[in-house]
Amino acid sequence: MESKQTSIMQKEIAEEPSVVKKLTETYITADNEIKLELPEKISNIVIVASGSSYNCAAIAAPLFVEYADIPCDCEYSSEFVLQKKHFVTSDSLYIFISQSGETSDTLNAIKAIKKEGVKTLCITNAKASTMWNLCDYKILSDAGEEKSIASTKALCAQIFCSILIILKILSQKGEDISGYINTMRRLSAYLERIIMASDKIKNAAQTVAQYENISILGNKNYYPVAKEGALKMKETCYLNVMAYPFGEFMHGHVAVLNQTSIVIAVIDEENAVFAQRNLEKIRKNYNPKIICITSVQDIKAGDINIYIKTKRKLKAIFGSLLTLQLIACDMADILDKNPDSPKGLTKVVKD
Ligand code: AGP
């Protein structure tokens with residue numbers, strides 16, 4: 001039998017370890033300094049983006065609050081431009097994230113907020129793009145050209161750059177960031193290990209591909225990770241996959257489950273007890289198939305448990321995201337869909 005060609009999406013996912021390695025070398029010096037230019041004073045941050053880049057914003061926003069102690073919100077670009085009033089102080093920083101640097105909704109959002117004289121920063125994969133030229137501060141996410149319409153490595157790079165901003169803010173406050181830097185330096189090898197051990201992931205994809213009622217659950221930073229997994233399955237397999245925060249799911253949404261549905265749960269140290277308790281209730285009342293993607297070694301709540309073992313949240317976010325990307329890509333293959341030419345989608349969404 002003729003073997004199938006590796007898709008561009010698959011190749012780009014496989015590049016993630018080298019993308020984060022390159023970013024580490026570019027932006028972190030041997031003396032653990034972060035080579036980024038930021039405003040000296042930042043009172044609050046708003047991150048604006050679309051699609052996968054928005055999911056990066058939603059993953060990063062609670063990290064800014066938790067690690068850098070800075071109020072941070074995120075908004076969809078398309079909603080941002082419809083809003084009549086934005087919260088702005090002289091030290092507010094508006095961050096815009098875009099792989100292409102040319103997405104109309106995000107460019108319109110930058111133009112709208114610039115009228116208020118606010119400081120702007122972009123994270124983009126396209127140097128000299130319109131976004132690059134519009135913003136005051138610029139970070140190149142440097143993932144290399146991303147051809148796949150379903151974004152993968154670019155998102156990984158955007159999250160990495162968002163964390164670099166957090167670490168830079170912490171170092172500007174005089175805090176010791178060497179522990180976090182060690183974590184970021186080890187990220188490439190961690191992602192490599194997940195890719196190498198992808199048999200269980202393939203097995204999970206075989207299982208998920210048999211279902212049409214698919215729910216992905218995660219808490220806090222992992223809720224946008226779940227949303228990203230759902231977005232990848234929509235774009236590559238044309239399935240109506242839904243993502244929910246774990247607790248919220250129990251408020252009625254859970255009623256969509258039955259024996260012909262599947263739940264994918266993203267579990268880390270912080271939500272382990274809560275997630276397992278809810279999964280028990282879900283199994284008892286609805287008996288769906290359950291897959292757990294977990295950074296905690298002894299979780300056995302799923303019919304399939306994929307371990308992406310780490311105690312570091314900053315690594316687990318990337319690991320769970322990578323696992324969902326791989327599942328989506330494998331599912332497309334199993335369902336005989338070509339992830340490189342998704343129906344009716346274009347790489348850059350313009351007006
Ligand atoms: C992601 O897989 C999508 N193709 C899409 O959501 C994309 O992330 C969105 O259109 C934003 O694009 P940008 O990052 O180039 O602004």
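Counting convention: from 1, in listed order, for ligands and their atoms alike. FYI, the numbering just counts along the sequence from 1.
The protein non-hydrogen atom at the shortest distance from atom 9 (C) of ligand 1 is Ser50 O, 3.8 Å. Of the protein's non-hydrogen atoms, the one nearest atom 15 (O) of ligand 1 is Ser100 OG, 2.7 Å. Of all protein heavy atoms, the one lying nearest to atom 6 (O) of ligand 1 is Gly51 CA, 3.2 Å. Looking from atom 12 (O) of ligand 1 to the surrounding protein, the closest heavy atom is Thr103 OG1, 3.4 Å. Counting protein heavy atoms only, atom 10 (O) of ligand 1 is closest to Val349 CG2, 3.9 Å. The protein atom (non-hydrogen) at minimum distance from atom 8 (O) of ligand 1 is Ser52 N, 3.0 Å.
Between the side chain of Lys337 and the backbone N or O of Met331 there is no donor-acceptor pair closer than 3.5 Å. Without hydrogens or angle criteria, Asp268 side chain to Ser295 main chain gives no donor-acceptor distance under 3.5 Å.
Side-chain contact check for Asn278 and Arg283: no donor-acceptor pair (N or O, by modelled atom type) lies under 3.5 Å. For the residue pair Thr124 and Gln99, no side-chain donor N or O sits within less than 3.5 Å of a side-chain acceptor on the partner.
Residue-to-ligand polar distances keep Thr106 apart from ligand 1: every N/O pair is separated by 3.5 Å or more. Here's the thing with Ser98: one of its N/O atoms is less than 3.5 angstrom from an N/O atom of ligand 1.
Against a heavy-atom cut-off of under 4.0 Å, Ala150 is close to the following atoms of ligand 1: 2 (O). Atom numbering of ligand 1 starts at 1 in the shown order; those under 4.0 Å from a heavy atom of Ser151 are 1 (C), 2 (O).
Only the side chain of Glu235 comes within 4.0 Å of ligand 1, judged by heavy-atom distances.
At least one heavy atom of Lys232 sits closer than 4.0 Å to an atom of ligand 1. Ligand 1 is approached by Ile149 to a heavy-atom distance shorter than 4.0 Å.
Using bins of under 30°, 30° to 60° and over 60° for the plane-to-plane angle, the ring pair His253/Tyr244 lands in the tilted bin.
With sequence neighbours left out, Asn305 forms a side chain to side chain contact (heavy atoms under 4.5 Å, CB included) with Cys292, Lys300, Tyr307.
Salt bridge present: Lys153 and Glu15 bring a charged side-chain N and a carboxylate O closer than 4.0 Å. Using a 4.0 Å cut-off between charged side-chain N and carboxylate O, Glu33 and Lys168 make no salt bridge.
For residues 28-77, the pairs satisfying ring-ring contact (aromatic ring centres under 6.0 Å, His included) are Tyr54-Tyr76, Tyr67-Tyr180, with sequence neighbours left out.
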